[in-house]
Number of protein chains: 2
Amino acid sequence: MRDAYSDQLDAIFDDLATIASDVKVAVARATTALLTGDAVVAEQVISADVVIDTRRERVEDRSFSLLSLQQPVAGDLRTIVAALRMVADLERAGDLAVHVAKIARLRVPGIAVPEDVRPMVQRMAEIAEEMVGRTARIIAERDIDGATALAKVEDEMDNLRAQMLRDLLGSDWSHGVESAVDLALLGRYYERIGDHAVSVANRVVYVVTGVRPSRD
Amino acid sequence: MRDAYSDQLDAIFDDLATIASDVKVAVARATTALLTGDAVVAEQVISADVVIDTRRERVEDRSFSLLSLQQPVAGDLRTIVAALRMVADLERAGDLAVHVAKIARLRVPGIAVPEDVRPMVQRMAEIAEEMVGRTARIIAERDIDGATALAKVEDEMDNLRAQMLRDLLGSDWSHGVESAVDLALLGRYYERIGDHAVSVANRVVYVVTGVRPSRD
């Protein structure tokens, strides 16, 4: 049976899914800025972050008000507490997209990523973007199969990051220290975006099944 | 007036302060491992992280049980929700200490940090350790003056990290790419430990004053 309470919970989850979509766009744009050296796009990502922060505050206010006024127990309580954590993860992922955009901006009119490394960075970025995009659907549809599948995508991310570090540290690295430092941080940022996506997905599993996620 | 409810809330805050102390120790030991190339100490940090994780679960279980059984409102509700977030920040700071220890372990029998950079890394590590240590007291004593003062310490951290990046990218960097990559990541890890400490301190301010922290 639908009631005002369920409607409010749904509104919170709608906001979470919207934030996930916003973060996906931020990751995609930050990557474009990074790989093309486009300062305008980088600025867009940096200035759009306030939209994510504002939505985050709305989720927090709504969750708090539900906790306070409705005195939920058991499953509903778990859901609201999970929402508060998911929104924190998503906001952090948005912040990491801003970090990527700032590295892009720092190297304009150049491009931070040397040409022969771009395919690898592109692939890491695609995985990060896809992971965040999947969380939007996982949240909207409480999709626990999708959540479980996300962990497999993360394996590719981990392998790529390890490969990138090996490349940076290999004897045939010819792009100097600045590129290596940028890439070490970029690899870390994309990996963390993926981590936050997995954390969000695990919380959806927790909301649906009541089983605490094994990692986050 | 003391009651069972206040006692349970105090027990949660005692756990939080203990976790902050554990994280302080982890940061200190990870730094020792890093600057002396001591694999045994590095392993200690890595294996001790499970203690922090276990305490974190206890804080979560206790908070959840208070939310569920006592149906708190207003200030108490805010306090419990803040506790859930503080414990997440502290656990992440502990994970970052583990990352530092893993870089130390990776370079054994060598030392990841070149000799002339050690004083700077030592100083960053001291600040991170001090910031986390202060949060233990801020939590235990609900010390909002201490929380406000923490932001000033963070400024020194930010300056040091910027200085370190300038050094790495300067024309007289003579320690090669591997050291530069390690240091770029180490700088990021120590900075994030400090960020988490500030976030915890801000939440204590929120608990005491009811004013939402301006950043976290």
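Numbered from 1 within each chain, the chains take letters A, B, ... in sequence-line order. Excluded from the calculations below are hydrogen atoms, water molecules and symmetry mates; all remaining heavy atoms, backbone and side chain alike, are included.
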> Does the side chain to side chain contact (heavy atoms under 4.5 Å, CB included) test come out yes or no for L169(B) and V181(A), once each step is laid out?
Replying inline: CA-CA 8 Å; L169(B) 302 181; V181(A) 165; 4.1 Å; yes
> Is the closest side-chain heavy-atom distance between L84(A) and L84(B) below 4.5 Å?
Replying inline: no
> What residue, out of S68(A), G176(A), S179(A), has the most heavy-atom pairs lying under 4.5 Å from chain B?
Replying inline: S68(A)
> Hey, does R188(B) have a side-chain heavy atom less than 4.5 Å from the side chain of H99(A)?
Replying inline: yes
>> Under 4.5 Å from any heavy atom of chain B, what part of V177(A) do you find: side chain, backbone, both or neither?
In response: both
> Under a 4.5 Å heavy-atom cut-off, does chain B meet the side chain of L69(A), its backbone, both or neither?
Replying inline: neither
>> Nearest 0.5 angstrom please: L165(B) CG to L106(A) CG, how far?
In response: 9.0 Å
>> Applying side chain to side chain contact (heavy atoms under 4.5 Å, CB included) to E178(B) and W173(A), what does each step give before you reach the verdict?
In response: CA-CA 11 Å; E178(B) 183 176 277; W173(A) 180 255; over 6 Å; no
>> Counting C-beta onward and ignoring hydrogens, is there a side-chain heavy-atom pair between R92(B) and R92(A) closer than 4.5 Å?
In response: no
